[in-house]
Structures are given as structure tokens and as C-alpha cells.
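Have a look at the structure below, then the notes.
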2 protein chains.
Amino acid sequence: MSESTDLDPQCYCPTSGIIDLLSRKYAMQTLCAVGALEPVRYGELETAFGDVSSSTLSARLEDLTGAGLLEREQYDEIPPRVEYRLSDDGEELCERLEPVLAWVRERES
Amino acid sequence: MSESTDLDPQCYCPTSGIIDLLSRKYAMQTLCAVGALEPVRYGELETAFGDVSSSTLSARLEDLTGAGLLEREQYDEIPPRVEYRLSDDGEELCERLEPVLAWVRERES
DNA sequence: CGGTATCCAAAGTGATACTG
DNA sequence: CAGTATCACTTTGGATACCG
């Protein structure tokens with residue numbers, strides 16, 4: 001009888017700003033790459049991905065930072081240096097996302 | 001010295017068919033909704049999401065089925081009945097994806 | 001019921017060029 | 001080094017109409 005106990009339609013978060021954000025290209029990979037490499041610089045990420053365009057990577061970093069998942073620290077040096085790392089929220093999400101990426105990696109290899 | 005032990009760039013799966021697939025609208029939610037409701041019919045999913053267009057939901061189900069993550073079974077009855085459920089791979093992925101969606105749900109509520 | 005076909009609008013992406 | 005600006009292009013999504 002208790003068949004529909006946990007089936008509130010809302011539980012599928014049909015619309016979600018964060019999901020939309022994570023659905024953009026390289027978004028999940030960027031979050032997890034920062035988690036793996038932090039503190040990490042822009043150029044390191046560009047190298048790690050290899051074929052991402054600077055405008056796309058830049059947009060993704062801004063998306064994630066704007067959503068409070070990454071923190072960006074800028075050092076006023078010459079040459080300029082910027083470091084990205086996970087925020088507390090970003091770390092929580094990254095922990096949950098990493099198994100997904102690991103599984104995909106495994107399955108596609 | 002062993003600083004770059006685990007930093008193979010490939011480990012970020014910069015390009016991935018499955019990630020691209022999961023990045024489409026309602027893809028992650030559809031996979032997990034099937035996991036929660038299986039066996040589930042097309043109409044139930046449409047109801048659960050509420051505002052998804054039939055062409056989009058249809059495309060997503062075909063994507064996921066084509067990727068081997070869902071199984072589609074059609075019964076030749078009147079009226080027609082179709083049931084979706086997770087494949088073994090779909091179940092593995094869903095298990096890993098569910099914590100992500102749960103966290104997002106929690107954070108946005 | 002469970003879709004598909006078509007067409008159009010919107011969003012996302014990348015190449016290129018340029019900057020503090 | 002770490003980006004941004006512009007713009008053309010591709011991909012995706014939704015509305016509508018229709019079908020087995």
C-alpha cells in the first residue's frame with residue numbers, strides 16, 4: 001500500500017540551476033579537475049584538457065565560481081597568478097561527482 | 001617528488017560520449033527517475049516532470065536506451081504499453097548519480 | 001498510449017583577435 | 001599569464017501537428 005511513499009515528483013528536480021550549470025561542456029570535469037589538482041592555475045587546466053577553447057574554459061570557471069562551487073584567488077604579481085580551489089560546497093559536490101566520472105572513465109576505456 | 005603520480009590528463013575524461021549525453025536536458029533526472037520508479041511508463045515520466053515536451057523526453061529516452069543505460073520493453077496490447085527500466089549499466093550509473101542529484105536537491109531547497 | 005516529424009528559436013561553443 | 005570580446009556556427013530544445 002505504501003507504494004508511493006517516496007515518489008514526490010519534485011524529487012527529480014526537473015529544473016535546477018546547478019544541474020543546468022553542470023550540463024555545460026567541461027563543467028563536471030572542471031569541477032573534479034580542480035578538486036584533484038587544487039590549488040590549480042588556469043593554464044594547468046587548459047593543458048589538462050588539451051582541446052578546450054579559452055573562452056569555454058573561462059566561461060566554465062566563471063559559472064562554477066559564480067555558483068559558489070569554486071574559489072578564485074588572484075595574486076598581484078608579475079606575471080599574474082590566479083589559483084582556483086574548491087569551496088566547501090564544491091568539495092561536497094565533487095565528492096559525489098567523482099564516482100560518476102570514474103565510472104564513465106572506466107566504461108569508456 | 002612524486003607530485004604528478006595521479007595526474008594523467010586523461011583522467012578528466014575531457015571528451016566523453018556518456019558525459020555529453022548526460023549533459024542534455026533532463027538526462028540525469030530521467031535516468032534516476034527511471035531508477036526510482038521502474039518499471040515506468042512514458043506517461044508517468046511525463047507527469048513526474050510536468051513541463052517537459054514530448055519530443056525532448058522522447059529524445060532523452062532514446063539517447064539513454066541507445067547508450068545501453070535503459071531497457072525498453074513494448075507490450076502489444078490495446079492500448080499500447082511500454083515500460084522502461086534500468087539496464088545493469090544504468091543501475092551502476094544511477095547509483096553514482098543519485099547522490100549528486102540528492103545533494104543538489106538539498107542545496108536548492 | 002506512446003510516441004515521431006517538422007520547423008523554428010534559443011542556447012552553447014569555438015576560432016580568432018586582442019588586453020591588463 | 002590569464003583571461004575577455006566578437007561573431008559565426010552548431011547543437012539543442014520546444015511548439016505544434018500528426019500517426020500506429
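To find a chain, count down the sequence lines: A is the first, B the second, and so on, and within it residues start at 1.
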B:Glu77 CD to C:dC1 P, in whole Å, measures 13 Å
Scanning both residues in full, the closest heavy-atom pair of A:Glu71 with A:Ser87 reads OE2-CB, 3.6 Å
- Is it the case that A:Thr56 and A:Ser53 place a side-chain donor and acceptor less than 3.5 Å from each other? yes
Atom CZ of A:Arg72 and atom C1' of D:dT4 are separated, to the nearest Å, by 12 Å
Between OH of B:Tyr26 and C1' of C:dA11 the distance, given in whole Å, is 15 Å
Separation of C:dT13 atom P from A:Gln29 atom CD, nearest Å, is 11 Å
Whole-Å distance, A:Tyr75 OH to D:dG3 C1', equals 17 Å
Q. Strictly by modelled atom types, are B:Glu108 and A:Ser16 linked by a side-chain donor-acceptor pair under 3.5 Å?
A. yes
In short, A:Ser109 meets A:Glu106 closest at the heavy-atom pair OG-O, 2.9 Å
Whole-Å distance, A:Phe49 CZ to D:dA2 P, equals 15 Å
A:Asp76 CG to D:dC1 P, in whole Å, measures 17 Å
| Given C:dG2, is OP1 or OP2 found less than 4.0 Å from the side-chain N or O atoms of B:Arg41? | yes
Distance check: side-chain N/O of A:Tyr84 vs OP1/OP2 of D:dG3, anything under 4.0 Å? yes
Expected list for residues 53-64 of chain A near DNA chain D, using heavy atoms below 4.0 Å, is A:Ser54, A:Ser55, A:Ser58, A:Glu62
Item to complete: Please check the phosphate of D:dT12 (OP1 and OP2 only) for any side-chain N or O of B:Arg24 closer than 4.0 Å.
Response: yes
| OP1 or OP2 of D:dG14 sitting under 4.0 Å from any side-chain N/O of B:Lys25? | yes
Whole-Å distance, B:Asp20 CG to D:dT11 P, equals 11 Å
So CG of A:Leu22 and CD of A:Gln29: to nearest 0.5 Å the spacing works out to 10.5 Å
For B:Leu31 and B:Leu69 the tightest heavy-atom approach is CD1-CB, 4.0 Å
Practice task
Examine B:Arg60 relative to B:Tyr26 and say whether NZ or CZ is less than 6.0 Å from the centre of the six-membered ring and inside a 45° cone about the ring axis.
Solution key: no
